[in-house]
Amino acid sequence: MIDLRPLASLGGADHGWLDAKHHFSFGGYHDPARTHWGNLRVWNDDTIAPKTGFPPHPHRDMEIITYVREGAITHQDNLGNAGRTEAGDVQVMSAGTGIRHAEYNMEDVTTRIFQIWIVPTRTGDQPQWGAKPFPRGERSGQFVTLASGYDGDGDALPIRTDARVVGATLRRGERADYPLGRDRKAYLVPATGAVEIDGVRVNARDGAAISDVDVLSVTALEDSELVLVDAA
């Protein structure tokens, strides 16, 4: 089953410095049909103006993954962590028992990110933060795990939940398969390009909520960069 959620159908608000699109209910946007997809709770498509950002604010009991599409994001938190994550790379913040952080676009250009929240499987752990470069070449023609709650996923950034965040870059005409499983749910968003899944076209920044599939097959209609959450 594929539920296509076109970009134009998403909720959101333009705050001037921040133009936010919400795939799921968030902030002042509420759609009872779009509150979560399995343990995936939030997928925000944020456009952040230069020299602006999110001032310090708290979180707890949430896995927050930031995928940078353009520009860069600079992280600071009350644990003393600080870092800059560039386009194509990923950062993970496990809020755990509580963390206070800020995310700024310190660049001279607009930054565009996907911010993904996944409900943790376990709670009570100390907060942590990490970031990692994932060169696009490693994702060429195949899905690569960027963040994972499973021990066997090698170099992926750890998250404390029954889920994976994966990425792929496909050239026009290329196909990539992902072994999802019928007991799992997937949510796929092309950062760029357009793809086809089981006869359904998914354009850049559209969302596709997918379930009841053993193997997910994605064919690129254009050169495309994809992000997918494999959720419980």
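Bear in mind the structure is a predicted one, so any value in this text is a computation, not a measurement. Below, each value reflects all heavy atoms present in this structure, side chains not excepted, and no hydrogens, waters or symmetry copies. Counting begins at 1 with the first residue of the sequence.
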**Q** Could you tell me whether the side chain of His75 reaches within less than 4.5 Å of the side chain of Ile73, counting heavy atoms only?
**A** no
**Q** Between Glu196 and Thr219, is there a donor-acceptor pair closer than 3.5 Å when you use the side chain of the first and the backbone of the second?
**A** no
**Q** Please report the interatomic distance CD(Glu225) to CG(Leu170), rounded to the nearest 0.5 Å.
**A** 10.5 Å
**Q** Should the pair Glu63-Arg41 be classified as a salt bridge under the 4.0 Å nitrogen-to-oxygen rule?
**A** no
**Q** Spell out, as yes or no, whether a donor-acceptor pair under 3.5 Å connects the side chain of Ser25 to the backbone of Asp31.
**A** yes
**Q** Do the ring planes of His101 and His57 sit parallel (below 30°), tilted (30 to 60°) or perpendicular (above 60°)?
**A** tilted
**Q** Would you find a donor on one side and an acceptor on the other, under 3.5 Å apart, between the side chain of Thr66 and the backbone of Gln91?
**A** no
**Q** If only atom types and distance count, is the side chain of Arg69 paired as donor or acceptor with the main-chain N or O of Ala87 below 3.5 Å?
**A** no
**Q** I need the Ser9 OG to Asp206 CG distance, nearest 0.5 Å.
**A** 7.5 Å
**Q** May I ask whether Ile64 and Leu79 are part of the same hydrophobic cluster, defined by side-chain heavy atoms of I, L, V, M, F, W, Y residues being less than 4.5 angstrom apart, directly or through others?
**A** yes
**Q** Quiz question: by atom type and distance under 3.5 Å, do the side chains of Thr161 and Asn39 form a donor-acceptor pair?
**A** yes
**Q** Give a yes or no on whether the backbone of Arg139 and the side-chain of Thr169 come within a donor-acceptor separation of less than 3.5 Å.
**A** yes
**Q** Between Pro50 and Thr110, is there a side-chain heavy-atom distance shorter than 4.5 Å?
**A** yes
**Q** Taking transitive links into account, so neighbours of neighbours count too, which hydrophobic residues share a cluster with Leu146 at under 4.5 Å side-chain distance?
**A** Met1, Phe24, Trp37, Leu40, Trp43, Ile65, Tyr67, Val90, Val92, Phe114, Ile116, Ile118, Phe134, Leu157, Ile159, Val165, Tyr187, Val189, Val227, Val229
**Q** Within the side chain of Asn105, is there an N or O that forms a donor-acceptor pair under 3.5 Å with the backbone of Ile48?
**A** yes
**Q** Indicate yes or no: at least one non-hydrogen side-chain atom of Val213 is less than 4.5 angstrom from one of Arg184.
**A** no
**Q** What's the spacing between Asn203 CG and Thr192 OG1 if we round to 0.5 Å?
**A** 11.5 Å
**Q** Under a 4.5 Å cut-off applied to non-hydrogen side-chain atoms, are Phe143 and Asp230 in contact?
**A** no
**Q** Applying salt bridge (Lys or Arg N to Asp or Glu O under 4.0 Å) between Glu107 and each of Arg84, Arg112, Lys51, report the one that passes.
**A** Arg84
**Q** Gln128 and Pro158: which non-hydrogen atoms are nearest, and at how many Å?
**A** NE2-CG, 4.1 Å
**Q** With a 4.5 Å limit on heavy-atom distance, are the side chains of Asp198 and Ser217 in contact?
**A** no
**Q** Atom CG of Asp212 and atom CD1 of Ile2: how far apart are they, to the nearest 0.5 Å?
**A** 11.0 Å
**Q** Tell me if a side-chain donor or acceptor on Asp3 pairs with a main-chain N or O of Ala209 at a distance below 3.5 Å.
**A** no
**Q** Using modelled atom types and a 3.5 Å cut-off, is there a donor and acceptor pairing between side-chain atoms of Asp223 and backbone atoms of Arg172?
**A** yes
**Q** Could you report the tightest heavy-atom contact between Gly53 and Pro55, atom names first, then the distance?
**A** O-CD, 3.4 Å
**Q** Rounded at 0.5 Å granularity, tell me how far OG1 in Thr47 sits from CG in Leu18.
**A** 8.0 Å
**Q** Show every side-chain hydrogen bond (donor to acceptor under 3.5 Å, both in side chains) that has at least one partner inside residues 12-22, sequence neighbours left out.
**A** His22-Asn44
**Q** Is Ser224 reaching over with its side chain to a backbone N or O of Ala194, donor-acceptor style, under 3.5 angstrom?
**A** yes
**Q** Scan His59, His23, His36 and name whichever one has a ring pair (Phe, Tyr, Trp, His ring centres under 6.0 Å) with Trp117.
**A** His59
**Q** To the nearest 0.5 Å, tell me how far Leu216 CG sits from Ile210 CD1.
**A** 4.5 Å
**Q** Grouping I, L, V, M, F, W and Y whenever their side-chain heavy atoms are under 4.5 Å apart, do Trp129 and Ile113 come out in a common cluster?
**A** no
**Q** Are Tyr178 and Ile197 joined in one hydrophobic group, where the rule is that I, L, V, M, F, W and Y side chains link up if heavy atoms are under 4.5 Å apart?
**A** yes
**Q** After noting the C-alpha distance and the side-chain angles of Arg34 and Leu10, does the key distance pass the side-chain contact (heavy atoms from CB on, under 4.5 Å) rule?
**A** CA-CA 10 Å; Arg34 297 182 182 179; Leu10 303 181; 3.9 Å; yes
**Q** Just so I know, are the side chains of Leu188 and Val195 near enough to count as touching, which here means a heavy-atom distance under 4.5 Å?
**A** yes
**Q** Is the closest side-chain heavy-atom distance between Arg160 and Thr121 below 4.5 Å?
**A** no
**Q** Looking only at heavy atoms, which two atoms of Ala95 and Pro127 are closest? And how far apart?
**A** O-CB, 3.3 Å
**Q** Could you work out the complete set of other residues in the hydrophobic cluster of Met106, with links drawn between I, L, V, M, F, W and Y side chains under 4.5 Å apart?
**A** Tyr104
